[in-house]
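Just so you know, these numbers use all the heavy atoms, side chains as well, and skip hydrogens, waters and symmetry mates. We number each residue from 1, following the sequence as shown. Everything numeric here is computed off the predicted structure, so don't read it as measured data.
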Amino acid sequence: MNPFFGSVFWLLVTLGVLVTFHEFGHYWVARRCGVKVLRFSVGFGRAVWRRIGRDGTEYQVAMIPLGGYVKMLDAREGEVDPALREVEFTSKSVWKRIAIVIAGPGFNLIFAVAALWLMFMLGRPDAAPVVTAAPGSMAAAAGIQPGDRLLRVDGAPVATMSDSMDEVATALLGREPLPLVVKGRDGAQRDVVLPLQQLPAGLSIDKYFDTLGLKLAPPPAIAATVMPGQPAAQAGMRSGDALLAVNGKPVSDFDAFATAVKDAAPQSPRLDVTVRRDGQVLHLPVVARWESLQGQPARWAVGIGAVPGESAMRRYGPVRALGAALQSTWDSTRQTFTMIGKMVSGQASTRNLSGVIGIAQVANQSAQMGLPWFLNFLALVSLSLAILNLLPIPVLDGGHLLYYLIELVKGSPVSERTQMIGQYIGLVLLFTLMGLAFYNDIHRTLLS
């Protein structure tokens, strides 16, 4: 699928599922608190399907699949028949109103745990945290060596590359020294401290990662597979040959070999590839081809494959998967609040905010990586929706929750005038955040 249309499709799936589940939380608890629900809509705009339930609720599917909404009987929106006063929203106790408001974020939290639980039972393919450092980078200066395996990041044990980078990303936002425990290729463990306090303030997380230079270790410079009929095979290369140089330029790993081919082939496709085989150094005349392999974009290729990287699959039975899901939810919640706190305090740049474009791109990427990765993505977005909606900003669930907490303290509802002023302030804050996130998305897209 085209990346643009793929991003749009998976964005609609993501928002459709998560926002509808959020609204179903409000609906389900409202019904159990005795509030009459007038309409439950999946999507917005004109209805394409509609029916009236036995309870009098109108259920519909609308044309714009960007979530949904719940419309309850509410005296603030118009006159209410006295006979229906007991099933009207504002007539309920403050505790019931709090329960109805908090149910949306609560259901998003439940969805996040359920998605992670299923992901851990299916097993999420990942890479082992075997890393290297870009030459001249902060990680290289700190002592990270090619082939180091990360064991602990900031005291937390890590088993996969994704878990490791999540912990590193959280530390980068705070720009504080980050202790690591690594195991080298010789099997010896050692402590390494990344001096993140030296990073300049105000940069986005991707710029920090570039400066840090910590990345997944590339495959060794070995031709693990040689495809029959391709240039390397025609030149006499064999599986297991160690790749030493291209046109006399030494290569340190498989990625460096691919880069050397890409750089040299446009000048002349005929390459002198130096290999070692059984202790002998050989020079092979490989004629690179400009072609597309296995549906990938066209590039200079010689027809060899790298040694597969070490994988790290986290797959558990139902009970252990639930524990892992709860732990992962807690870790993600902690990281999210840490990021919010650092942005509010000015320690982290607001350039790290992402909006609908960024969500769409990541949705498409995770969907292409398989169901477990897409479930992981859905869980993270659902958790983010829960946290965002609980922020004490009027127009969000957290804003309404704040009004009800004030009502509990003062013994009477917040005045309509105060609520109206709060609504305007909330809209300004919300649109400011959305505008900033949209600007960041556009900026990143133009620079990529």
Does CG belonging to D278 count more than 12 external heavy atoms closer than 6.0 Å?
no
F44, CZ atom: more than 12 neighbouring heavy atoms under 6.0 Å
yes
Could you walk me through whether T132 and K215 pass side-chain contact (heavy atoms from CB on, under 4.5 Å), step by step?
CA-CA 6 Å; T132 190; K215 57 183 181 179; 3.9 Å; yes
Can you confirm whether more than 12 heavy atoms, excluding those of Q267, are under 6.0 Å from its CD atom?
yes
Is there a donor-acceptor contact under 3.5 Å linking the side chains of Q335 and D331?
no
Can you tell me if S41 and Q60 form a side-chain donor-acceptor pair at under 3.5 Å?
yes
One should read off an interatomic distance between I100 CD1 and M72 CE, to the nearest 0.5 angstrom, of 5.5 Å
Only one of L243, I222, T225 forms a side chain to side chain contact (heavy atoms under 4.5 Å, CB included) with I304, so which one is it?
L243
Tell me if a side-chain donor or acceptor on S366 pairs with a main-chain N or O of V362 at a distance below 3.5 Å.
yes
Q234 (side chain) donor-acceptor with G229 (main chain) under 3.5 angstrom
yes
What's the spacing between L380 CG and T333 OG1 if we round to 0.5 Å?
9.5 Å
May I ask you to decide if P200's main-chain N or O and Y208's side chain share a donor-acceptor pair within less than 3.5 Å?
yes
Spatial distance of atom CZ (R238) from atom CZ (R277) [nearest 0.5 Å]
4.5 Å
Answer yes or no: is there a donor N or O on one side and an acceptor on the other, between the side chain of R39 and the main chain of K71, under 3.5 Å?
no
Contact between R314 and T160 at the side-chain level, heavy atoms closer than 4.5 Å - yes or no?
yes
Can you tell me if R320 has over 12 outside heavy atoms packed within less than 6.0 Å of its CZ?
no
CG of L15 to CG of L11, rounded to nearest 0.5 Å, is 4.5 Å
Below 30° counts as parallel, above 60° as perpendicular, anything between as tilted: where do the rings of F257 and F254 land?
tilted
Can you confirm whether W117 sits close enough to P318 that some side-chain heavy atom of one is under 4.5 Å from a side-chain heavy atom of the other?
yes
For the backbone of V158 and the side chain of S164, can you confirm whether one donor and one acceptor N or O come within less than 3.5 Å of each other?
no
Ignoring hydrogens and angles, tell me if any N or O in the side chain of T20 forms a donor-acceptor pair with the backbone of G16 under 3.5 Å.
yes
Check this for me: R276, atom CZ, are more than 12 non-hydrogen atoms of other residues, nucleotides or ligands nearer than 6.0 Å?
no
Could you grab the distance from atom CG of L194 to atom CG of L178, nearest 0.5 Å is fine?
5.0 Å
Are side-chain heavy atoms of D241 and V226 found at a separation under 4.5 Å?
no
Ring pair (Phe, Tyr, Trp, His ring centres under 6.0 Å) assessment of W10 paired with F374:
CA-CA 10 Å; W10 290 112; F374 189 62; 4.9 Å; yes
Going by the angle between their ring planes, with limits at 30° and 60°, are F40 and F24 parallel, tilted or perpendicular?
perpendicular
Taking the inter-plane angle between the rings of W28 and F107 on a 0 to 90° scale, is it parallel (under 30°), tilted (30 to 60°) or perpendicular (over 60°)?
tilted
Any donor-acceptor pair under 3.5 Å from N247 side chain to D272 backbone
yes
Does CZ in R270 sit with more than 12 non-hydrogen atoms of other residues, nucleotides or ligands closer than 6.0 Å?
no
With the threshold set at 4.0 Å, does a side-chain nitrogen-carboxylate oxygen contact exist between R124 and D163?
yes
Report the distance from atom CD of Q230 to atom CZ of R289, rounding to the nearest 0.5 Å.
5.0 Å
Just wondering, do W330 and L326 contact through their side chains at under 4.5 Å, heavy atoms?
no
Does some side-chain heavy atom of I102 sit less than 4.5 Å from a side-chain heavy atom of L390?
yes
What pair of heavy atoms forms the shortest contact from R51 to G53, and how long is it?
NH1-CA, 3.7 Å
If we ignore hydrogens and angles and just use 3.5 Å, is the side chain of E58 paired with the main-chain N or O of L38 as donor and acceptor?
no
What I want to find out is whether R334 reaches E167 closely enough, with some N-O distance under 4.0 Å, to be called a salt bridge.
yes
Under 3.5 Å, side chain of S268 to main-chain N/O of A264, donor-acceptor pair present?
no
